[in-house]
Number of protein chains: 2
Amino acid sequence: MASQRTKGDNRTADRILDIAERLVQTRGFNNFSYADIAKELRITTASLHYHFRSKAELGHALITRYAAQFGESLQRIDREISDARAKLEAYASLYASVLKGRRMCMCGILAAEYQTLPRPMQRAVIGFFDDNQRWLAGVLDNGQRERTLAFSGSADEVAQSILSTLEGAMLVARPYADLSKFNATARHLLSGLAN
Amino acid sequence: MASQRTKGDNRTADRILDIAERLVQTRGFNNFSYADIAKELRITTASLHYHFRSKAELGHALITRYAAQFGESLQRIDREISDARAKLEAYASLYASVLKGRRMCMCGILAAEYQTLPRPMQRAVIGFFDDNQRWLAGVLDNGQRERTLAFSGSADEVAQSILSTLEGAMLVARPYADLSKFNATARHLLSGLAN
DNA sequence: GTCTATAGGCAGATAGAC
DNA sequence: GTCTATCTGCCTATAGAC
């Protein structure tokens, strides 16, 4: 199918994605409508369908863009920080900054709705988690070799554990609107990896 | 308002709650309908409204019952297990058994939808988390005194951390339908509290 | 690219008979 | 307690004019 990239001007498509992204991260994929976006953007829902033929397609585009942006953040960490422990702290800060906006990690909230999502979105959520875990495992491996990190079990298992803990910390802290609840968990998590 | 408790026979109400509970834990509160329950129970949606006047009321009853059952499980742990570390393992097993049924913790999935929930349900979700954290903090305090557990930071912070980690481990593991992913995180979590 | 108009379905909820 | 019938509203999506 022709993606919106093939259409000349995609500033509108980007603005749609911006609004939809915020709505997904605050309300979940099934709990916002084309009407919500249309109202905010001051266009009609019919126009939205020109940019994204279906909500499923919009949803898939959302995850794709989100994962790409997150990947860029990880590359920036790799570029600017060499110490493994500092990398993990920067990683946790990515989550904290999302939570600061009263949002969940997009794939965290989609994981909660997983069984109601269209297949392509399900696969993309899994892909996001896999990418994160792979990156974390790499950081952990390096840290262990350089003796700046210490942990028992495999790097994969600990990577899984870090991802889960940060997602859970966001999930639980958000209803309280209390960033310090998140930070306490992140701090405890990282202190367990100190050498 | 007259709750369904005041009405003579509440076997039907209980069956409604059983079905709705499973639907919430697999799909989320906003992603199932009275029609779903009605079909499974072979009654009409109009009859459902006799037992629970509104979906909001049904949702509140769901959390209340879930929290009460969970509380009973905690009491049973307190009764049957004295070692603090073994209590935490039993606590993690509660989560594992929920996940085994492809379900999320009810309040975990409701936390993801938090901003779309009616006020009374929001308060009940917070209450569930508070209760769990309080119980965990008590276990941690005892374990620290008896030197069977060791951790840095306050018992409250570590309790918060345990709750968050287990909720997150469920959230992330469920799309993979892989219990071992959950277990790896739970094991890593508890190993960090060993003495 | 955006609009009006509308289709077709599903949601939660209520009235009133039995 | 359960039913039929119905209401109102919202949802995603499409046809076709501009």
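Owing to the predicted nature of the structure, the values given are computational and were not obtained by experimental measurement. The chains referred to below are lettered A, B, ... by the order of the sequence lines, with proteins before strands, and numbering in each begins at 1.
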Any side-chain N or O of [X] below 4.0 angstrom from OP1/OP2 of [N]?
X	N	answer
A:S47	C:dC3	yes
B:T44	D:dA5	no
A:T12	C:dT2	yes

Under 6.0 Å from the CZ atom of A:R15, do we count more than 12 heavy atoms belonging to anything else shown? no
If I take atom [atom1] in residue [X] and atom [atom2] in nucleotide [N], what distance separates them, rounded to the nearest angstrom?
X	N	atom1	atom2	value
A:H49	C:dT4	NE2	P	15 Å
B:K39	D:dT2	NZ	P	19 Å
A:H51	D:dT12	NE2	P	17 Å
A:R53	D:dA13	CZ	C1'	13 Å
B:R15	D:dG1	CZ	P	13 Å
A:L48	C:dT4	CG	P	13 Å
B:Y50	C:dT14	OH	C1'	16 Å
B:F52	C:dA11	CZ	P	19 Å

Heavy-atom contacts under 4.0 Å between residues 23-37 of chain B and DNA chain D, which residues? none
The reported gap from CG in A:N10 to NE2 in A:H51 (rounded to nearest 0.5 angstrom) is 9.5 Å
Closest of D:dC3, C:dC3, C:dA13 to the B:A46 side chain is D:dC3
Look at the side chain of B:K55 and decide which nucleotide, out of C:dG12, D:dA13, D:dT2, has an atom nearest to it. C:dG12
What pairs of residues pass the ring-ring contact (aromatic ring centres under 6.0 Å, His included) test when at least one of them lies in residues 175-195 of chain A, not counting sequence neighbours? none
Considering only NZ, NE, NH1 and NH2 on the basic side and carboxylate oxygens on the acidic side, decide whether [X] and [Y] come within less than 4.0 Å.
X	Y	answer
B:R11	B:D14	no
B:D18	B:R65	yes
A:E72	A:R76	no

I'd like to know if the side chain of B:T44 pairs up with that of B:S47 as donor and acceptor (distance under 3.5 Å, no hydrogens or angles considered). yes
